[in-house]
Amino acid sequence: MGYSWGFFGHKVIQQLAIYALPTAMQSFYHRHMATLVDNSVRPDERRQTDPTEAPRHFIDIDAFGPHAVHEMPQAWVPATAKYSADTLTKYGVVPWYVLKMKENLTRAFYRKDTDSILYYSADLAHYIQDAHVPLHTTVNHDGHLTGQDGLHSLWESKLPEQHLANYNLRHDKARYVANPEQEIWKVIRASHKLVPDLLAIEKKVSKDFTPDTKFIEVTRNGQKRLTHTDAFATAYHQALGNMVQDRMREAATQTASFWYTCWVDGGKPDLDQMLLTPRTKEEQKQMKQEQMAWKKGNLQEKDLLLTRIRISLMNVVDWVKEPFA
């Protein structure tokens, strides 16, 4: 399975989530924004060395039947009683791992442990964001079962990288999540519901393209591979409407909401007192500027995103100081 949202998407969503936090949390998170953004992709990097990491990023819910997204036991113990832990791990455990990270972050707030707060904030956010990718909820995660190979990286990476400049990145503010288990399963169901549409739309758009106009060969890290052309990606993106933008926005809101919930459940520690030095006037001014741009939905126009992309020739998308996923 590919990496959800790509490195670029995760980093953008991570920054957006900070603007949705309440005032009592925002200064702390904004001070550590660069760290949180950089570490938003750490779980993907762990997949290179940790064989237990991959199942934490997805759940192939349709492997358990056509109605499993509504019938699967939400709690881990009943689910293992029905399917076994090995079977669940085989097909992905993202909703349950989100809850585990939620517990870890809550304890970090309770202990007022700055390093652990930052560590688990970044990791929890990553898995929540993964759950918002529709193709992370199906056995057909790359379109490979329907002759649509490469759909995963197209939907979650190329489309936001190519079209983010036109997105309205304003999203809802954080809210307290009274039932995290129910909430993450709500996310899974919303993501999975989009799978049939994104598959069908790709098939429809493909009818107007030949293999030569749909794909192009590129070289990355010394290896040649086929990737979708900009023209096809643009046509597919237009046909999808706001699907990708809306999943990014919802992921940012849920990230902020889970952070906020952990802080509340962890006793609402005074995060400003945990800053090593007081906020400077320059920091306050910068945060105010970013917050205003976020509210107007024009962070990209104001060049206020920490993670930037540049579109180069030959259909290759790079990002400044970023490795390819």
Side-chain angles (χ1 to χ4, degrees), residues 1-5 9 47 52-100 102 126-157 159-160 177 179-207 228 236-237 239-251 253-254 258:
M1 176 168 300
Y3 298 121
S4 67
W5 290 123
R47 294 173 66 165
T52 67
E53 179 64 37
R56 301 167 182 169
H57 298 248
F58 64 92
I59 180 168
D60 294 341
I61 192 68
D62 45 8
F64 300 94
H67 307 296
V69 72
H70 300 291
E71 298 173 351
M72 168 79 74
Q74 293 184 170
W76 176 252
V77 172
T80 57
K82 186 172 183 179
Y83 297 108
S84 86
D86 287 345
T87 300
L88 293 177
T89 300
K90 177 182 178 180
Y91 293 109
V93 296
V94 67
W96 299 292
Y97 207 72
V98 164
L99 298 176
K100 180 177 180 179
K102 190 271 176 189
H126 184 100
Y127 300 115
I128 291 171
Q129 292 158 22
D130 279 3
H132 283 79
V133 177
L135 291 167
H136 271 236
T137 68
T138 174
V139 292
N140 193 20
H141 52 80
D142 196 35
H144 56 292
L145 300 181
T146 49
Q148 298 168 278
D149 297 73
L151 186 57
H152 197 127
S153 61
L154 171 65
W155 193 96
E156 69 185 15
S157 294
L159 296 188
V177 179
N179 189 329
E181 178 181 272
Q182 183 177 6
E183 192 71 15
I184 194 58
W185 277 97
K186 179 181 176 182
V187 170
I188 296 296
R189 287 192 290 272
S191 292
H192 191 67
K193 186 177 181 179
L194 296 173
V195 172
D197 282 347
L198 69 84
L199 291 171
I201 291 171
E202 195 276 346
K203 285 281 190 182
K204 183 178 180 180
V205 173
S206 294
K207 293 179 180 179
H228 293 87
Y236 183 45
H237 190 268
L240 287 172
N242 292 328
M243 184 187 291
V244 179
Q245 169 194 274
D246 290 349
R247 293 315 284 163
M248 290 186 74
R249 291 167 57 172
E250 181 62 23
T253 295
Q254 286 287 9
F258 270 78

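What you are looking at is a predicted structure, and each value in this text was computed from that prediction instead of being measured.
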Closest heavy-atom pair and its distance - Ile184, Pro95:
CG2-O, 3.8 Å

Are the side chains of Phe64 and Met72 in contact, using a 4.5 Å heavy-atom criterion?
yes

Gln182 and Asn179: which non-hydrogen atoms are nearest, and at how many Å?
N-OD1, 3.0 Å

Here the gap from Trp155 atom CH2 to Glu202 atom CD, rounded to the nearest 0.5 Å, amounts to 14.0 Å

Check whether Ser191 reaches the backbone of Ile188 with its side chain - one donor and one acceptor, N or O, closer than 3.5 Å.
no

Hey, what's the ring geometry for Trp185 with Trp96, parallel, tilted or perpendicular (30° and 60° as the breaks)?
perpendicular

Donor-acceptor contact below 3.5 Å, side chain His136 vs main chain His57:
yes

Taking side chain as C-beta onward, heavy atoms only, is Val195 less than 4.5 Å from Asn140?
no

Measure the spacing between CG of Leu240 and CD of Gln245 and express it to the nearest 0.5 Å.
12.0 Å

What distance do Met248 atom CE and Leu159 atom CG have between them, rounded to the nearest 0.5 Å?
11.0 Å

Separation between CD1 of Ile59 and CG of Leu88, rounded to the nearest 0.5 Å
7.0 Å

Charged N to carboxylate O below 4.0 Å: is that the case for Arg56 and Glu53?
yes

Please report the closest heavy-atom contact between Val187 and Gln254, naming both atoms and the distance.
CG2-NE2, 3.8 Å

Using atom types as modelled and distance alone, determine if a side-chain donor or acceptor of Tyr236 lies under 3.5 Å from a backbone N or O of Leu198.
yes

Between Val205 and Ala239, the two heavy atoms sitting closest are CG2-CB, 3.7 Å

Heavy-atom pair with the smallest gap, counting every atom of Ala131 and Arg247:
O-NH2, 4.5 Å

Got a second to check how far Asp62's CG is from Tyr91's OH, nearest 0.5 Å?
10.0 Å

Determine yes or no for a side-chain-to-main-chain donor-acceptor pair under 3.5 angstrom, with Asp142 supplying the side chain and Gly150 the backbone.
yes

Just by distance, do the side chain of Asp60 and the backbone of Gly92 share a donor-acceptor pair under 3.5 Å?
no

Residue pair Glu183 / Phe258: nearest heavy atoms and the distance that separates them:
CG-CE1, 4.1 Å

Got a sec: does the NZ of Lys193 have more than 12 other heavy atoms crowding it under 6.0 Å?
no

Hey, could you give me the NE2/CG distance between His228 and Asp149, rounded to the nearest 0.5 Å?
8.5 Å

Is there a side-chain contact between Leu199 and Leu151 in this structure, where contact means two heavy atoms from C-beta onward sitting under 4.5 Å apart?
yes

Side-chain donor/acceptor of Thr80 to backbone N/O of Val77, under 3.5 Å
yes

Are Leu194 and Thr137 close enough that some pair of their side-chain heavy atoms sits under 4.5 Å apart?
no

Residue pair Trp5, Val244: steps toward the side chain to side chain contact (heavy atoms under 4.5 Å, CB included) verdict:
CA-CA 10 Å; Trp5 290 123; Val244 179; 4.0 Å; yes

Any side-chain heavy atom of Tyr83 sitting closer than 4.5 Å to one from Pro73?
yes

Which residue is it: His152, Glu156, His192? I am looking for the one with a side-chain contact (heavy atoms from CB on, under 4.5 Å) to Leu135.
His152

